[in-house]
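Scope of the values below: all heavy atoms of this structure, side chains included, with no hydrogens, waters or symmetry mates. Residue numbers start from 1 in every chain, and the chains themselves are labelled A, B, ... in the order their sequence lines are given, proteins ahead of strands.
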Amino acid sequence: DTAVSQTPKYLVTQMGNDKSIKCEQNLGHDTMYWYKQDSKKFLKIMFSYNNKELIINETVPNRFSPKSPDKAHLNLHINSLELGDSAVYFCASSQDGEGRNQPQHFGDGTRLSIL
Amino acid sequence: GDSVTQMEGPVTLSEEAFLTINCTYTATGYPSLFWYVQYPGEGLQLLLKATKADDKGSNKGFEATYRKETTSFHLEKGSVQVSDSAVYFCALRPGGGNKLTFGTGTQLKVEL
């Protein structure tokens, strides 16, 4: 199936741990994103990569580090997890280019819970 | 900066009722506008979009018209179903940019 896929779907871990969330898209898109959705459903962009190059970096703690090994993958590594990091993290992708009105396609989300 | 304002929810309707979810935006230039839907436990799915003034996006019985004079993109559906229960997000993407700015989301509950 063509899609944006994230793993894991659920992640429960202790405060202070380091964890990674993986994202892959097979849509041939050249731009990928990470969003954070809080408990009130508010969505906010964290990062965006275009062809492995960081193009958007919102005000996010340095504990969050995205890594894009190729344009089909954008992983999110989080160091020293804190209670406030509990949220749903969504990966998305889109095709950039001259027609910059292309919609973003979202993964199903990773539900991160910090104990 | 860019911003999107949606009506607060939850909105509770009976099946077959008419739906309107208001969305207004603030942006420079000519943004593209989107409605996304998030069903329980799932990710966001694009519902419809409009890329220029007076464009009407439509899908699955939902419609929204890009009104530049009122900076609005209200979502409407003539007859809602229980299966439409979800959270609806209005979003804009600036002309020449990648960043999507979302509204706070409006939860819709449709009851029999």
Portion of A:Gln37 that has a non-hydrogen atom of chain B nearer than 4.5 angstrom:
side chain
Please check if atom CD in B:Gln81 has more than 12 non-hydrogen atoms from other residues, nucleotides or ligands closer than 6.0 Å.
yes
Taking everything shown except B:Glu15 itself, do over 12 heavy atoms lie less than 6.0 Å from its CD?
yes
Is the count of non-hydrogen atoms from other residues, nucleotides or ligands lying under 6.0 Å from B:Lys52 atom NZ greater than 12?
no
For A:Lys9, look at atom NZ and say whether over 12 heavy atoms of other residues, nucleotides or ligands are found less than 6.0 Å away.
yes
If I measure from the heavy atoms of chain B, does A:Lys44 come under 4.5 Å with its side chain, its backbone, both, or neither?
neither
For B:Glu16, I'd like to know if atom CD has over 12 heavy atoms of other residues, nucleotides or ligands within 6.0 Å.
no
Test side chain to side chain contact (heavy atoms under 4.5 Å, CB included) applied to A:Lys41 and B:Gln38, step by step:
CA-CA 10 Å; A:Lys41 300 287 188 183; B:Gln38 185 178 23; 4.2 Å; yes
Do you know which of B:Ala91, B:Gly103, B:Gly41 has the most heavy-atom pairs with chain A at a distance under 4.5 angstrom?
B:Gly41
Under 6.0 Å from the NZ atom of A:Lys71, do we count more than 12 heavy atoms belonging to anything else shown?
yes
Quick one: does A:Tyr33's side chain have a donor or acceptor within less than 3.5 Å of a partner on B:Lys99's backbone?
no
What verdict does the side chain to side chain contact (heavy atoms under 4.5 Å, CB included) test give for A:Tyr35 and B:Phe102, after you've listed the backbone C-alpha separation in whole Å, the side-chain angles of each residue and the deciding distance to 0.1 Å?
CA-CA 11 Å; A:Tyr35 288 86; B:Phe102 284 91; 3.5 Å; yes
A:Asn62, CG atom: more than 12 neighbouring heavy atoms under 6.0 Å:
no
Please classify the contact of A:Leu43 with chain B as side chain, backbone, both or neither, using a heavy-atom distance under 4.5 Å.
both
The interface call for B:Leu46 against chain A, heavy-atom contacts under 4.5 Å, is side chain
With a 4.5 Å heavy-atom cut-off, do B:Arg93 and A:Pro103 have their side chains touching?
no
Is it the side chain or the backbone of B:Gln45 that comes within 4.5 Å of chain A heavy atoms, both, or neither?
neither
